[in-house]
Amino acid sequence: MAINNIVQQVVPNSLESMIEIVTQPWEKAPLLSAHAKGKKIIGCFPVYTPLEIIHACNGAALPLFGGGNQVEIMNADSRFASFICSISKSTLELQLQNKFRNFDGVVLSNICDVARNLASVMKRNSKLNIEYLHLPQNDNIEIALPYYKSELSRFLRKVADITGCFPTDASLSRSTALYNKLRGLLEDLHGFVSNDGRLGAFEYTVYLRYCYSMLPEDAVTFLGSLLNSMSDRVPRNRDCIKIIIEGAFCEQPPIELIRAIEETGCWIVDDDFAKGLRWHVGPVQEKGDPIEMLARSYFESAQPSSVRHDFKTRREDLLVKKVRKYNADGVLFFIPKFCEPALFDYARYKEKLESEGIAHLQIEYEEKMWTFERIRSEVETFVESVLFW
Amino acid sequence: MSSEVQEMSKKLMQDYYQQLQDAKSGGKPTACIMISGNCVEILRAFDIQPIFPEVNALQTAIRKQSLPLILAAEQRGYSSDNCAYVKADMGMYFTKTGNLPDPSFVVCNYVGCNVYVKWFEHVADYFHKPLIMIDIPFLREKVPSEEDVKYVIRQLESLIKHCEDLTGTKFDIDKLREILKYSRISEDGWSQAKDLCKKKPAPFDAYFDAINMMGPINVLRGTKEAAEFFMKSVLVYEQLVKEKKGPLPEEKFRIVIEGPPPYPYYRSFRELFSKWGAVACQSTYSTVGGIWEFGFRHDPKKPLESIARQMIIENLCNRSLLSRYNQIESYVKNWSADALVIHSVKSCRLFSAGQGDMRDYFVHSLDTPTLMIESDLEDPRYYSHAQLKNRIDAFFESLQHKRLTANLRT
């Protein structure tokens with residue numbers, strides 16, 4: 001599918017080319033070219049990393065989503081057992097195969113027990129700077145805010161050590177503003193997914209990940225042009241059911257699988273693919289102490305997430321609200337094999353949805369899968385059951 | 001283990017479960033709390049009876065009752081890939097099994113294990129009770145920052161406030177200091193007992209027998225009874241050392257074991273090692289609640305700070321995998337082990353994720369004979385006796401062969 005009239009210097013001429021980039025960002029991300037100009041590249045393992053800090057330190061942050069189905073596991077299997085998720089193995093494999101040769105560091109955080117141990121294994125097996133962030137899990141902001149500010153400051157110092165640039169408050173605020181702009185444009189773009197379906201979730205996900213494979217300045221330019229081109233499109237007009245996807249926040253399904261789901265008759269009005277890139281709901285405050293504003297937004301305006309404890313607003317209630325908001329016909333739980341946070345939350349979601357009479361289906365996937373017939377057939381049956389029964 | 005120590009431990013745990021039943025019938029306040037790096041002393045300062053879901057879960061496995069509970073949880077939507085401890089515990093609630101009191105509230109001491117957070121969200125949800133989160137910053141530098149420590153202390157103070165509101169009792173710091181004195185005595189005893197395992201033969205198996213000391217140190221820490229248990233146990237072990245007696249008639253191999261045991265097949269798993277004369281002189285699993293053998297003690301003079309520091313630094317769970325490598329390395333060297341055995345359990349990714357790398361490190365960097373085997377700590381479906389036997393036999397055969405050929409050469 002050709003995409004015309006978009007800034008040519010940063011945009012490949014087809015969606016297929018973008019797919020190639022987003023599925024192999026460690027080699028093909030446009031921002032890697034900044035490395036040759038002396039910028040330090042920091043890879044960010046899912047789910048959430050405060051990218052603003054890396055940017056303000058004059059680094060280039062590249063969100064990572066494992067090797068997908070683009071890397072053959074040759075050594076990582078011997079480090080992680082068979083019951084460990086695929087993304088941790090493929091990420092380690094990329095490192096062992098020296099695919100991160102242009103990187104200067106990788107950031108991981110306390111999303112799950114596997115990620116914390118992956119940080120150690122990566123540290124032992126490379127000379128890369130491996131940084132580990134402890135994102136707060138206490139939902140009482142009065143107690144947790146001073147800690148989180150100190151953690152973000154620590155992180156900033158670590159990144160600055162790598163890049164050699166310690167930012168001023170003004171430059172931090174500018175980075176916050178830039179990422180606010182980027183997130184705002186992506187939200188506008190997502191409106192075409194959820195409001196009238198003129199853009200599919202598959203295509204949106206490609207753009208989302210593509211934008212973060214560029215420097216944010218370039219992504220903003222790209223998105224401006226892309227949004228202008230959306231008026232040429234016609235809204236979705238086909239038999240389908242409206243669904244919400246939940247559970248795919250860390251390890252990503254093969255991008256083609258999202259297309260396959262849409263082809264079965266699902267209009268994916270909302271999803272959590274690459275959720276960390278859409279972590280903040282609304283802009284981060286740009287005035288005031290920039291570290292404090294970033295820290296506050298983690299508590300006050302973050303998406304509900306399986307990897308952030310918040311017992312004041314129950315995730316299952318929010319999911320039901322989302323279903324009502326979009327008038328969705330059901331929920332597809334799209335959960336990577338062995339992903340404990342998503343699997344635990346599923347038990348609570350299931351109970352809640354059943355009590356509310358909301359249709360749902362659980363699908364298990366792995367990033368490395370390349371045939372989708374079984375899943376396609378399951379989803380087709382689900383769609384038919386909602387449409388005709 | 002000396003049968004005397006085993007009997008004392010059994011009695012203490014029976015009394016503990018009786019206290020839980022008394023709390024239920026007497027309507028006394030109770031709180032769920034996890035084992036790893038916990039702050040049970042604060043609950044004790046308010047006479048709140050602690051409930052340990054991990055201990056309850058493992059008790060069902062030892063009694064071979066865990067599978068129906070796991071299946072009951074799976075019927076409710078829990079995955080076969082979720083931690084089976086959680087499923088067995090939730091399964092007890094779903095099936096109304098056992099005679100435990102409902103918790104008055106839930107204290108989630110999030111000490112490195114992310115499953116704890118999910119588990120206690122589910123427990124609090126099920127019982128419609130408040131959840132008090134104690135978020136412990138992971139030990140990501142050599143030492144925690146002052147802000148890390150302050151953060152934990154602030155959360156402990158919040159817990160204290162909650163306990164005051166629940167019980168209507170004002171916090172008495174002197175009572176907490178007194179409790180911490182008992183904790184200290186237990187920690188001293190634990191440490192001395194572990195240290196005696198440097199002797200040959202070790203007076204007890206620091207993996208299979210340490211389990212009986214784990215109840216008193218983790219569940220009953222801060223009580224006079226636990227302190228007395230350790231003082232008596234050390235005397236028993238010292239006597240065994242004098243008499244050169246160990247848990248087996250002959251100690252042929254000294255091993256360090258990493259990872260939790262397969263509780264559903266505890267005895268038969270142990271026999272796979274005993275038949276080779278293999279005795280664990282150290283183990284990492286025994287330090288999930290706290291690492292006492294390197295000198296840390298709770299400090300009655302700095303009650304909250306020392307509790308905070310123990311939760312952040314002095315337990316296996318809140319440390320990185322590389323710190324665990326260092327811990328094991330020290331065990332192999334200072335406790336004179338012949339080999340390392342890694343028991344990888346599916347349920348606990350905190351333990352098992354990356355153990356292949358651990359094996360690689362010990363074999364290739366340290367030249368330590370290392371065996372890696374797999375099963376589960378709670379779910380009997382993942383235990384394959386024949387397969388484990390084959391691997392363990394082959395490992396010790398090769399160790400024996402190495403030893404013989406080395407003797408011939410000398």
Side-chain angles (χ1 to χ4, degrees), chain A residues 76-85 88 92 110-121 123-125 131-134 136-140 142-144 146-151 153-154 306-307 309 311 314 316 335 337-341 343-351 362 364, chain B residues 73 76-79 81-83 86 90 108 110 112-115 117-119 121-122 124-125 130-131 133-141 145-148 150-152 154-155 157-158 320-325 344 346 348-361 372 374 382:
Chain A
D77 265 346
S78 70
R79 313 298 170 102
F80 285 105
S82 56
F83 48 79
I84 301 295
C85 60
S88 56
L92 178 64
N110 54 326
I111 55 167
C112 67
D113 298 340
V114 174
R116 55 163 258 179
N117 287 6
L118 173 64
S120 280
V121 176
K123 199 166 197 165
R124 192 179 84 80
N125 288 282
E131 195 45 51
Y132 190 83
L133 261 175
H134 181 89
Q137 299 296 321
N138 192 318
D139 55 8
N140 183 336
E142 297 306 319
I143 289 176
Y147 157 74
Y148 190 39
K149 278 173 64 183
S150 79
E151 177 64 349
S153 300
R154 186 189 69 86
S306 293
V307 296
H309 170 74
F311 222 49
R314 304 298 173 91
E316 58 269 35
I335 300 178
K337 182 91 183 136
F338 305 123
C339 176
E340 281 217 281
L343 288 169
F344 272 124
D345 275 7
Y346 170 71
R348 282 170 64 194
Y349 285 141
K350 177 176 178 282
E351 191 181 351
Q362 187 198 357
E364 200 170 69
Chain B
R76 295 265 190 137
Y78 289 80
S79 165
D81 295 321
N82 279 135
C83 169
V86 184
M90 296 305 296
C108 181
Y110 166 46
C113 171
N114 285 265
V115 169
V117 179
K118 296 292 174 194
W119 188 346
E121 282 180 354
H122 290 217
D125 225 29
L131 188 157
M133 171 62 73
I134 315 281
D135 171 28
I136 306 298
F138 188 64
L139 189 61
R140 56 225 182 282
E141 305 274 350
S145 69
E146 280 310 302
E147 196 50 60
D148 287 351
K150 279 186 202 162
Y151 178 40
V152 177
R154 272 195 294 271
Q155 294 177 89
E157 287 166 350
S158 168
S320 73
L321 189 62
L322 295 182
S323 298
R324 208 187 315 160
Y325 292 5
S344 186
K346 186 184 179 198
C348 185
R349 269 83 168 183
L350 180 148
F351 259 106
S352 58
Q355 280 176 327
D357 187 69
M358 179 187 284
R359 173 181 55 187
D360 182 79
Y361 175 68
M372 189 160 158
E374 273 182 28
Y382 296 108

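Computed from a predicted structure; not experimentally measured. Naming: A, B, ... by sequence-line order, numbering from 1 per chain. Computation of the quantities below employed the complete heavy-atom set of this structure, encompassing side-chain atoms and omitting hydrogens, waters and symmetry-equivalent molecules.
Ranking B:E374, B:K118, B:M90 against chain A, the residue ahead of the rest is B:K118, based on heavy-atom pairs under 4.5 Å. Heavy-atom pairs under 4.5 Å with chain B peak, among A:K350, A:E364, A:E340, at A:E340. Contact count against chain B (heavy-atom pairs under 4.5 Å) is highest for A:E151 among A:Q362, A:E151, A:E351. Among A:C85, A:S88, A:S306, A:C339, the residue making the largest number of heavy-atom pairs under 4.5 Å with chain B is A:S306.
Both the backbone and the side chain of B:E121 have a heavy atom closer than 4.5 Å to some heavy atom of chain A. Residue B:Y325 touches chain A through its side chain alone, counting heavy-atom pairs closer than 4.5 Å. Proximity to chain A (any heavy atom under 4.5 Å) is shown, for B:E157, by neither the backbone nor the side chain. Of the two parts of B:C108, neither the backbone nor the side chain holds a non-hydrogen atom closer than 4.5 Å to a non-hydrogen atom of chain A. Residue B:V115 touches chain A through both its backbone and its side chain, counting heavy-atom pairs closer than 4.5 Å.
Scanning for salt bridge (Lys or Arg N to Asp or Glu O under 4.0 Å) contacts around B:E146 gives B:R309, with sequence neighbours left out. Residues passing the side chain to side chain contact (heavy atoms under 4.5 Å, CB included) test with A:A144 are A:P136, A:N138, A:F299, B:Y151, sequence neighbours excluded.
Side-chain contact, B:Y110 with A:N110: a donor N or O sits under 3.5 Å from an acceptor N or O.
Counting heavy-atom neighbours within 6.0 Å of B:K150 NZ, excluding the residue itself, gives a total of 12 or less.
Nearest heavy atom pair, residue A:Y132 against residue B:R140, reads O-CD, 3.7 Å.
Between A:H309 and the options B:D135, B:N114, B:L131, a side-chain contact (heavy atoms from CB on, under 4.5 Å) holds for only B:L131.
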